[in-house]
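What you see is a predicted model; the values in this text were computed from it and never measured.
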Amino acid sequence: MATAFSCDKSTAPAEFIANLATYAVENCPVSWSVGAKAAEMVGRDSYFQGSTPLDTWVGYLVVVGFGALFSVFTTIVVYLDKTFAGNASMTSEHFNTAGRMVKTGLTASVIVSQWTWAATLLQSSNVAWQYGVSGPFWYASGATIQVLLFGVLAISLKDIAPSAHTMCEIVRARWGKNAHITFLFFAFCANIIVTSMLLLGGAATVEALTGMKYELAAFLIPWGVILYTSTGGLKATFMASYLHTMIIFAVLITMITLVYIKVYSSDQIYSFLDNTVSYSPEQCMAIYSTEGTVETSFFYSGDKTMLGQTEGTPQYACGPVPGNAQGSYLTMLSGDGLMFGIINIVGNFGTVFVDQSYWQSAIAARPASAAKGYLLGGICWFAIPFSLATSLGLASTALMLPITRGEAGSGLVPPAVADNLLGSAGAVLILIMLFMAIVSTGSAESIAVSSLVAYDIYREYINPEATGKQILWVSRVVIVVFGVFMGLFAIALNAMGLNLGWVYLFMGIVIGSAVIPLWNMMTWDKASGKGAIIAAWGGFALALIAWFVGASIESGSVSVATLGSNPVMLSGNLVAILSSGLIHYVYSKFVDPQEYDFSTLDANIHLVEQDTAGLTEDIINKDEIRRSKRWIVRRGYLLTFVLVIVWPILSIPAQVFTESYFAFWVLVSIAWGFGAAIVITFLPLFESQDEIGKVCSGMFNFVMCKKVESEEFAEEEPVKEVDEPAEPVKEAEPEAEVEADAGESA
């Protein structure tokens with residue numbers, strides 16, 4: 001091909017090229033000709049080969065230094081916000097709800113931050129490496145719709161349970177103790193699985209880039225989260241998440257600019273991808289070999305100690321893609337890509353709807369901001385996996401870097417491409433980007449677990465008369481204990497041979513059965529508590545059975561490897577969510593139908609302290625909430641339909657993309673990336689300009705030794721803190737609601 005690099009221009013030895021010529025190989029991998037490391041790519045059996053592009057001290061600097069830096073920074077910001085902006089003091093309510101007054105921009109930024117896992121950055125490029133353009137799309141769309149639809153639950157929560165601290169508190173208030181214990185189990189499973197993926201992907205990448213021991217990285221990474229989360233609570237988490245998101249988007253913009261504007265173009269990447277799939281199996285074997293011959297090939301083994309294998313699973317991106325139209329990377333007609341998309345959709349419903357951190361963000365948001373924040377957050381988040389994987393993921397296959405299947409499964413595609421493009425600077429950028437994703441989501445998971453333990457275990461079953469100070473103390477202790485536990489748990493998972501990709505596909509099997517019962521709890525008055533318990537446990541059991549049986553049928557044996565195949569994972573994920581939904585519907589409709597009055601739900605949820613921030617009548621406006629609910633329902637459902645149905649259908653007529661069609665596809669990814677970065681960076685600043693102005697003014701007056709009355713900075717009346725109120729705050733509300741209803745009727 002005219003634009004592909006011919007072998008005589010590559011850095012390969014003359015004898016190697018001569019051997020390739022016997023297999024009619026005229027065009028060699030682009031990575032053999034371009035870049036400072038071109039000569040090292042020839043005959044290499046893996047990209048990293050046990051060596052690292054960065055020194056070990058860089059790993060310690062990022063893992064330990066950045067953690068300490070963000071802890072100090074966030075603590076200072078929280079202190080300034082409290083001192084000069086007059087915001088609430090650190091009660092247990094404020095620690096776990098951030099005052100329930102977070103605005104749209106910051107809510108969206110937090111959603112992007114929470115939903116940007118290590119998997120978002122690493123696994124999305126892995127599926128691009130495997131399936132081509134369909135991989136980034138299905139990763140992005142299959143994990144965006146859950147956030148869009150959760151906006152419906154977010155505004156429903158503001159309507160029927162504005163005083164809630166956790167989702168399990170709502171379960172307890174509506175369905176009782178047995179359901180409460182059931183959904184606590186699934187909530188903890190969600191938090192543990194998400195945190196496991198953060199540490200598995202993060203520790204593997206830190207080790208690959210710096211040589212820092214995996215076990216040490218997995219243990220130390222949580223400490224950067226523990227320090228500032230335990231100090232500042234949910235508000236600190238939100239402020240840090242905004243900064244993390246800005247940095248992630250900055251690196252994202254840098255990478256897509258490098259791949260498609262500065263170093264290459266969409267036309268060149270298109271040509272390179274065509275070249276990658278043009279090789280026959282024999283030619284791929286010769287390319288991935290020590291001497292340019294089939295006899296010295298490691299194409300099927302990925303290991304130089306096992307040369308000459310002529311069958312098995314290809315270990316490198318070379319040759320036609322199985323299951324794709326015409327074997328091309330440049331098509332949405334991908335059987336395996338679609339299968340991954342379905343698994344992604346099902347699994348991610350669990351990690352949004354069953355993850356307390358998303359409920360906590362809804363609890364923290366203003367009613368007017370909840371729906372808009374989730375919709376905007378979902379749209380902006382789409383850009384991260386879609387734009388990043390469309391650039392780095394496709395570049396890895398276009399350049400034919402010697403990335404093995406094992407390296408890709410461990411999430412090492414982005415660091416490999418960044419290292420190839422920018423050398424050590426690229427590796428540092430990916431490492432920083434990854435650390436931002438880990439600590440942002442990790443802090444959200446930590447505060448989520450602490451809330452569940454403090455309110456749903458300690459206050460509910462151990463000390464029902466717990467004071468605010470006791471709740472605050474328990475919350476902070478749990479954050480520390482959970483961080484240490486997860487570091488050790490990630491080490492154990494790695495010892496079992498489980499990597500990021502395996503756990504990512506597995507998550508829906510464990511928590512998928514809790515999704516539909518939780519949706520029904522918030523939206524369906526006939527939803528039965530007994531039915532929810534049966535549906536959650538029954539769906540979980542059926543999913544495990546389908547998973548093991550599927551592995552046995554497909555491979556004749558049950559092992560970590562056979563359980564991890566796409567068809568087997570798909571069967572388990574589908575059975576989990578569909579069976580539980582069917583069980584709950586049938587039981588609630590025909591066996592134990594309810595007529596639940598949602599207006600009574602919030603009366604069963606009690607505040608610990610008389611901290612009514614975000615719960616006053618001027619904030620909880622029922623008419624405004626109903627309008628917001630209609631707004632998010634229409635737009636959430638419409639965007640879900642567009643992303644999952646309309647967009648894929650419109651791409652079918654194209655079959656294998658033409659050069660111009662691919663150029664348009666790339667343009668969409670670049671524009672979406674830049675647009676999302678601008679919105680997420682500047683909208684929170686614009687909305688918070690008054691608070692920022694108060695802080696700056698207060699700091700200036702403090703420095704100039706000007707005495708200013710504290711009321712000048714106060715945004716609202718000081719919170720009345722009472723550790724043990726004489727009577728629960730909620731007891732006075734039903735009468736007030738009756739009077740309000742009577743007034744509306746009049």
Compile the donor-acceptor pairs under 3.5 Å between side chains in residues 56-69 and protein atoms, sequence neighbours left out, one pair per line.
| residue | atom | partner | partner atom | Å |
| --- | --- | --- | --- | --- |
| Thr56 | OG1 | Thr210 | O | 3.1 |
| Trp57 | NE1 | Asp55 | OD2 | 3.2 |

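Asn178 is linked by a side chain to side chain donor-acceptor pair (under 3.5 Å) to nothing, counting only residues two or more places apart in sequence or in another chain. In this structure, the side-chain contact (heavy atoms from CB on, under 4.5 Å) partners of Ala218, at least two apart in sequence or on a different chain, are Ala203, Tyr214, Ala490, Ile491. Annotation: ring-ring contact (aromatic ring centres under 6.0 Å, His included) contacts of Phe682 (sequence neighbours excluded): none. By the salt bridge (charged side-chain N to carboxylate O under 4.0 Å, His left out) test, Glu169 pairs with Arg459, sequence neighbours left out. Among residues two or more places apart in sequence or in another chain, the salt bridge (charged side-chain N to carboxylate O under 4.0 Å, His left out) test is passed with Arg172 by Glu460. Remark: Ser628 pairs with no residue by the side chain to side chain donor-acceptor pair (under 3.5 Å) rule, at least two apart or across chains. With sequence neighbours excluded, the residues that form a side-chain contact (heavy atoms from CB on, under 4.5 Å) with Ser124 are Tyr139, Pro385, Ala389. Here Trp537 pairs with Phe185, Phe186 under the ring-ring contact (aromatic ring centres under 6.0 Å, His included) rule; sequence neighbours left out. Here Trp473 pairs with Val477 under the side-chain contact (heavy atoms from CB on, under 4.5 Å) rule; sequence neighbours left out. Considering only residues two or more places apart in sequence or on other chains, Ser196 meets the side chain to side chain donor-acceptor pair (under 3.5 Å) condition with none of them.
Remark: the backbone N or O of Gly373 is not paired with any side-chain donor or acceptor of Thr104 at under 3.5 angstrom. The backbone N or O of Thr116 lies less than 3.5 Å from a partner atom in the side chain of Thr441, making a donor-acceptor pair. A side-chain donor-acceptor contact under 3.5 Å links Trp381 to the backbone of Trp115. For the pair Asn604 (side chain) and Arg174 (backbone), a donor-acceptor distance under 3.5 Å is absent.
Rounded to the nearest 0.5 Å, atoms CG (Leu434) and CG (Leu429) are 12.5 Å apart. Going from atom CG of Asn348 over to atom CE of Met507 covers 4.0 Å, rounded to the nearest 0.5 Å. Distance CD1/Ile170 to CE/Met521: 5.0 Å, rounded to 0.5 Å. Rounded to the nearest 0.5 Å, atoms CG (Leu376) and CG (Leu683) are 6.5 Å apart. Going from atom OG of Ser446 over to atom CD1 of Ile479 covers 6.5 Å, rounded to the nearest 0.5 Å.
The heavy-atom pair separating His180 from Cys168 by the smallest distance is CD2-O, 2.9 Å. Contact between Ile447 and Ala444 at its shortest, heavy atoms only, is CG2-O, 3.2 Å. In terms of heavy-atom proximity, Leu601 sits nearest to Ala161 at CD2-CB, 4.1 Å. The two atoms that bring Leu452 and Ala187 nearest to each other are CD1-CB, 3.9 Å, heavy atoms only. Considering all non-hydrogen atoms of both residues, Ala448 and Gln360 come closest at CA-OE1, 3.3 Å. In terms of heavy atoms, Tyr374 sits closest to Ser361 at OH-CB, 3.3 Å.
Using cut-offs of 30° and 60° on the angle between ring planes, the pair Phe150 and Trp359 is perpendicular. In this structure, Phe482 and Phe485 have tilted ring planes: the angle between them lies in the 30° to 60° band.
Residue pairs meeting the salt bridge (charged side-chain N to carboxylate O under 4.0 Å, His left out) criterion with at least one member in residues 200-217: none, sequence neighbours excluded.
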Step by step, work out the side chain to side chain contact (heavy atoms under 4.5 Å, CB included) result for Met212 and Leu220.
CA-CA 11 Å; Met212 185 178 180; Leu220 289 177; 3.6 Å; yes

